[in-house]
Amino acid sequence: MNTHAAARVAAPTRREQILREAARLFAERGFHGVGVDEIGAAVGISGPGLYRHFPGKDAMLAELLVGISERLLEGGRLRVSEDAARGDGSPEALLDALIEGHIDFALDDRPLITLHDRELDRLRDTDRKRVRRLQREYVEVWVGVVRALYPALAENEARVTVHAVFGLLNSTPHLARPEARPDARPGREATAALLHRLARGAFAAAAAEPA
């Protein structure tokens, strides 16, 4: 494929640019601390021009939080279906794939973690319930994989452990951000590898026999 054509396909749409900058600004200053004009300036359009894409800030926040919940669930289900299609997969490899996918989110979409923790209650009741439902379904994807790997682990214990691991992985907004420069890339890889070991250690500890 022509590399320039591939770059055009991969380029974010204006709507995606708006959402990315809105997430960053909301996370930095709080939802009520950011105006439509500031979001517009961040993407090079007038504040009123944003209304061609979103009816307001509330709609941006809802799309951000519902959207990331949908993306995580879809990614988890895709990994499970791909593993099943191969026919020779293992629960251990599938758990590793789930962990890796969530780590990518936790390192690359930190503003969304901050938004979820701080602004979820600002959503309309229907949107908030949708986010919670998607999150529960995502947890159950993990629970099924964890119990396939550790069959002696009770369902409730597996669910508690999955929530604990999410808390661990979603702590990334409190970490120093690895630089995105190519020469600093090992910093991100080292952080990802550490988070992966910690997550696997948590699951192994939960499945271990009490002393």
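Model, not experiment: these values are computed from the prediction.
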Under 3.5 Å: donor-acceptor pair, side chain of R128, backbone of L123: yes
Test side chain to side chain contact (heavy atoms under 4.5 Å, CB included) applied to D117 and I113, step by step: CA-CA 6 Å; D117 291 345; I113 297 174; 4.0 Å; yes
Evaluation steps, salt bridge (charged side-chain N to carboxylate O under 4.0 Å, His left out), between R20 and E16: CA-CA 6 Å; R20 183 178 61 233; E16 290 168 340; over 6 Å; no
Side chain to side chain contact (heavy atoms under 4.5 Å, CB included) between H53 and L19, worked out: CA-CA 10 Å; H53 301 277; L19 287 172; over 6 Å; no
Exercise: identify the closest heavy-atom pair between V139 and F166: CG2-CE1, 3.7 Å
E119 side chain to F31 backbone, donor-acceptor under 3.5 Å: yes
Student check: side-chain heavy atoms of T191 and R188 closer than 4.5 Å: no
Basic-acidic side-chain contact under 4.0 Å: K129, D125: yes
Minimum heavy-atom distance between M60 and A22, given as atom pair plus value: SD-CB, 4.0 Å
Connected via hydrophobic side-chain network under 4.5 Å: L168 and L194: yes
Polar side chain donor-acceptor pair, Q135 to H116, under 3.5 angstrom: yes
R130 and D127 ion-paired at < 4.0 Å: no
Shortest non-hydrogen separation from L98 to G76 and the atoms involved: CD2-CA, 3.7 Å
Any side-chain heavy-atom pair of V146 and T161 under 4.5 Å: no
Charged N-O contact under 4.0 Å between R136 and E140: no
Validation row: T114, F26 side chains within 4.5 angstrom (heavy atoms): no
Residues R77 and E74 bridged, charged N to O under 4.0 Å: no
Y150 OH to E157 CD distance, which is reported to the nearest 0.5 Å: 13.5 Å
Side chain proximity check, L195 to L107, heavy atoms < 4.5 angstrom: yes
Within 6.0 angstrom of R124 CZ, more than 12 heavy atoms from elsewhere: no
D96 with R200: basic N within carboxylate O range, under 4.0 Å: yes
Nearest non-hydrogen partners of A27 and R118, listed with the distance: O-NH2, 2.7 Å
Pair L175-R110, side chain to side chain contact (heavy atoms under 4.5 Å, CB included): steps then yes or no: CA-CA 10 Å; L175 306 178; R110 297 184 190 198; 4.3 Å; yes
Least distance between heavy atoms, K57 atom then V36 atom: CG-CG2, 3.9 Å
Cluster overlap V160 with L149, hydrophobic side-chain contacts below 4.5 Å: no
Ring geometry between Y138 and H102 (parallel below 30°, tilted from 30 to 60°, perpendicular above 60°): parallel
T172 side chain to A106 backbone, donor-acceptor under 3.5 Å: yes
Connected via hydrophobic side-chain network under 4.5 Å: L112 and L120: yes
Minimum-distance pair of heavy atoms, taken over all atoms of I45 and L50: CD1-CD2, 3.5 Å
Lys/Arg-Asp/Glu bridge criterion (N-O < 4.0 Å) met for E63, R15: yes
Side chain proximity check, E21 to Q17, heavy atoms < 4.5 angstrom: no
Shared hydrophobic cluster for L78 and I103 (ILVMFWY, side-chain gaps under 4.5 Å): no
